[in-house]
Every structure is written in structure tokens, then in C-alpha cells.
Amino acid sequence: MVDLKSNAVEELKGAIRGRVLQESDAGYDEARHIWNATIDRHPAVIVRCAGVADVRRAVCFARENDLLLAVRGGGHNIAGSAICDGGLVIDLQAMKSVRIDPLACRAYVEPGVTLGEFDHEAQAFGLATPLGINSTTGVAGLTLGGGFGWLSRKFGMSVDNLLAADVVTADGELVRADAAHADDLFWAIRGGGGNFGVVTMFEFGLHRVGPEVYGGLFVLPIEQAGDALRKYGAATDAMPDDLSVWTVMRLAPPLPFLPADVHGKPVIVFALCYTGPVEEGARATEIVRSFGTPCGEHLGPMPYEAWQKAFDPLLAPGARNYWKSHNFTDLPTGLIDAALDAIARLPSPQCEIFFGQVGGATCRVAPEATAYSSRDAKYVMNVHARWEDPNEDARCIEWARNYFEASAPFALGSVYVNFLTQEEGARVSEAYGPNYARLVAAKTRYDPDNLFRHNQNIKPSAV
Ligand SMILES: Cc1cc2nc3c(=O)[nH]c(=O)nc-3n(C[C@H](O)[C@H](O)[C@H](O)COP(=O)(O)OP(=O)(O)OC[C@H]3O[C@@H](n4cnc5c(N)ncnc54)[C@H](O)[C@@H]3O)c2cc1C
């Protein structure tokens, strides 16, 4: 535990509108836990900020007391960067305002907001912006790393829809970042993660979506997966931007539309979302039905907001998780064989391999337009090792690493920064490719002493 000057924390408590938690305080233990249960860290101080003034005060307190500083939005990051050992956590969960301007199609979003909370407010006006597929994820961390989900093929990455942000920088100042103000900072936060300061407000552009979309699940026995993946890979380029099809290989959950004898058996699931006119959904998604003979399917119109929550039960917080990720432009036979080999060796029932489909609008932006640079990626693969018992740690982690190695020869070499685990700091420059040098320049300007380093760190040039 760090040695804080006596009275320092008491003075901080007096200066904060939110709450300051230390180990002996009620609520501390809950506040230090995040989505990934393998992260078990004990900060010296957790500042649950109520507003921008608290954020500024907490940033200055960490800097002046030479404390390691972590920033928590939704607490979903697999690397556990939201929580540090010793040091100070800026906890933004209580900053929950979402203001929708339905006429201008704008959303003003505070950093403690989850995807589900954002969708709830925006869908009240039939509006949305691209976010991820699990409603309890934080808007803040997801957006700062790039952000993609069911709407990305149509409307791009989350960062492509970010119009402005308010950022508290390492000196405690509040900077407005948009195309006309601090444009280097605005460029850097659109993919560069939490390296440049604490974002206290995100302004997004919104689009008409739903309220109903056509979507659902199409499930095949694993024996058909090789053929289905080849057909899927061949179909991707011709798919309209309105259609997103992701695929996951895993043991079948006990879904009500699957026959009981399929439950627990290895399957390949195609999850699809069509955001064009709902009445055209059946025809527009027909291509997926050609991938094989299903053991179950559940397709039809449904509220967009409900689809955004469809995977929540499989991704609930509290399990142990370890991920490895690659980007791909296509799905060659060697990659498919490697995936099927890994599925034949699942170390634990909740482990899975998924390919999130991007492309469409995400590829029509120049790589240097935002810090997020993987504009050639058509699939973001993630091998999810997920288990409950700490005794399974080594086995599950080894499984994920083995498949990651086996699939590497087919990968682009870039990686989505939000899927990196804590020991993958060496891949940060790969995540940004040609944009890395410009990110270092922005980091050197806005955080020369690397106060914001408990993240996938971009080091300033002098450190
Ligand atoms: C179950 C699950 C599903 C996911 N699905 C998707 C998906 O569909 N699409 C996708 O793109 N990603 C997805 N992700 C990845 C997700 O984008 C990252 O985990 C992201 O970091 C989560 O943001 P958070 O705010 O919840 O996380 P946190 O762990 O709170 O934050 C992560 C890091 O972001 C930085 N940060 C957070 N808030 C701020 C802020 N206000 N200012 C400055 N820095 C900040 C900090 O460095 C922090 O450590 C998923 C993750 C999980 C666990």
C-alpha cells in the first residue's frame, strides 16, 4: 500500500462531491471488482467521481502524491486496467447522464454510462450509434479503443461517430476536443484509449435505427462448421452494409429453440442483425440459411434494444476470462482448420471462438483519419477462454494461447486494442500500425510524464 501523507485522504474527502473509498470503507470491495474475476487488485483510494470537478481534483491528487492512477468506466476491460494495486482509481460509474437531442441527432454521454443505458435513451427516439454487443460494457472504454458492433458495417466504428469530447488532461485542465479544437487530441482519443486524459463527456452523432430489426441465431452442428465458414467467408464481400453476421463456435447453451439433445454439444452459431426495412429481413438474410442445415434457428423481427442485450446471459460478470485476438481479411482453410481443432479441445464449457464481422463502413475510412487504424480488417477474431474455477486457469489460458499461435499465420498482424490482455503491452504498437508515431507525439504533448499509464500504454518520447 502506498504511503500517503497523513491527512491527505481526509482533505481529498472534503474536496470531493462524490465518494472517496479506502480499504476499511463499506463499498470498497464492491468498487474494486470488475467484469473479469481474474483481476483482484487493491487500490489505496477509489474516488467515485460525481462530476468534472471531482475528476479534475482526483487527477491532480494522483499527480501531486505520485500515485499510480487507473481510470474506470464500465469496468469491462479484459486486461483489468480499470483497477490498480495501490494507487488511485478514478471511478466514473456514477456519472450517468445521457442527453439526447432528437432534432440534431446528437447524444451527450457521461463516462459512467453503459451501452444498455445509452441505447435505452437513444431508442426512445428511434436513434442509435454503433456500440458493442454486450449491454453492460462501458461506452467510455469501448469508444476510446475504437468500438464496433451490429451497426458498424452501416455506420462505422464508434469513433467514426464521435463528434467531440471533454477531456481532463494530466495537468487537471478541461480541454474541449473536436475537429476545430485540440484536433490532435481529438484524433488521438478516437482509438488511442485512456492514454491522453479522462473523458468526462462524449458527443456522438446518432442515426435512425429500429425500433425493430430483423435478426437472431442460426445454429449448425459443428460437423458442418468447415463448409459453413467457407460459405460465410465467400459471402461477406457481397453482403449489404445493413447486414452483420458474426459467428461463434462453442458448446450449445440450453436455448429454448434448440432440441435438448443439442444442448452442450459443439455447434457453430451465426448471429445476425439486419437493420434495413424489417419486412425485407427474411429475404436479406436468406444467404445465411444457405450455410447449412440447422439444428435450430430463431430468426425474426425484434426490438433493436432487445437484440443489443441478447448475449448478456453468456457474458455475465464474475467469471474468469482470458482472451487473445487477431484481425483477418478472409477465412482461409488453414484458419478454419485451426479453429475446429481448438473447438475439439475445449478446456471448459464456457470457452468459445468468435469472429466479429466488420467491413462495410469501417473500411471506407482512411487508416490515418483516426487513431484506430485497422481499416482493412473484415473480421475481428477473439478466442474467449472463460471458466469459474481458479484451478482451471493454466489449462484455459494455454488453450487460448495455443489457438492464437495456430491462427497467427493467417492474421493481418494488427489487433484491436480493446481485446488485448494485460501481458500484451508489446502488441500496442501493432494495434496502431502506421499511426503509432503520431500517437506518441500526442502523448508527449498531453501527458509527458505518463500519468495515464495503467492502460495499453503509449509511452511519451521522454519516458
Ligand atoms: C463481455 C464483453 C463484450 C465486449 N464486446 C465488445 C464489442 O462488441 N465491441 C467492442 O468494440 N468491444 C467489446 N468489448 C471490449 C470493450 O470495448 C473493452 O473491454 C472496453 O475497454 C470496455 O470499456 P469499459 O469502460 O467497460 O472498461 P473499463 O475497464 O472501465 O475501461 C477500460 C480502460 O479504458 C480507459 N477509460 C475508460 N473510461 C475512460 C474515460 N472516461 N476517460 C479516459 N479513459 C477511460 C481506461 O484506460 C480504462 O482502464 C467487450 C468486452 C466485454 C468484456
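Numbering of ligands and ligand atoms starts at 1, following listing order.
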Enquirer: Suppose the criterion is ring pair (Phe, Tyr, Trp, His ring centres under 6.0 Å): which pairs have a residue in residues 66-93, not counting sequence neighbours?
Expert: Trp35-His76
Enquirer: Under the side chain to side chain donor-acceptor pair (under 3.5 Å) rule, collect the residues that match up with Asp393, sequence neighbours excluded.
Expert: Arg320, Trp387
Enquirer: Which pair of heavy atoms, one from Leu67 and one from Leu451, lies closest together, and at what distance?
Expert: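 Smallest heavy-atom distance, with atoms named: O-CD1, 4.5 Å.
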Enquirer: For ligand 1, would you mind listing the residues that have at least one heavy atom less than 4.0 Å away, ordered by chain and number?
Expert: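 Within the 4.0 Å shell of ligand 1, which is judged on heavy atoms, sit Trp35, Val71, Arg72, Gly73, Gly74, Gly75, His76, Asn77, Ser81, Ala82, Leu92, Pro111, Gly132, Ile133, Asn134, Thr137, Gly138, Ala140, Gly141, Leu142, Leu144, Gly147, Phe148, Gly194, Gly197, Val198, Val199, Trp246, Leu315, Trp323, Tyr416, Asn418, Phe419, Asn455.
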Enquirer: Restricting to non-hydrogen atoms, name the atom on Cys351 and the atom on Pro347 that form the minimum distance, rounded to 0.1 Å.
Expert: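 Heavy atoms of Cys351 and Pro347 come nearest at SG-CG, 3.8 Å.
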Enquirer: For Lys443, check side-chain contact (heavy atoms from CB on, under 4.5 Å) against everything at least two apart and list the hits.
Expert: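 So Lys443 forms a side-chain contact (heavy atoms from CB on, under 4.5 Å) with Asn195, Phe196, Asp447, Asn450, Phe452, Asn457, Ile458, Pro460.
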Enquirer: When rounded to the nearest 0.5 angstrom, what distance separates NE2 in His326 from CZ in Phe355?
Expert: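 So the gap between those two atoms works out to 9.5 Å.
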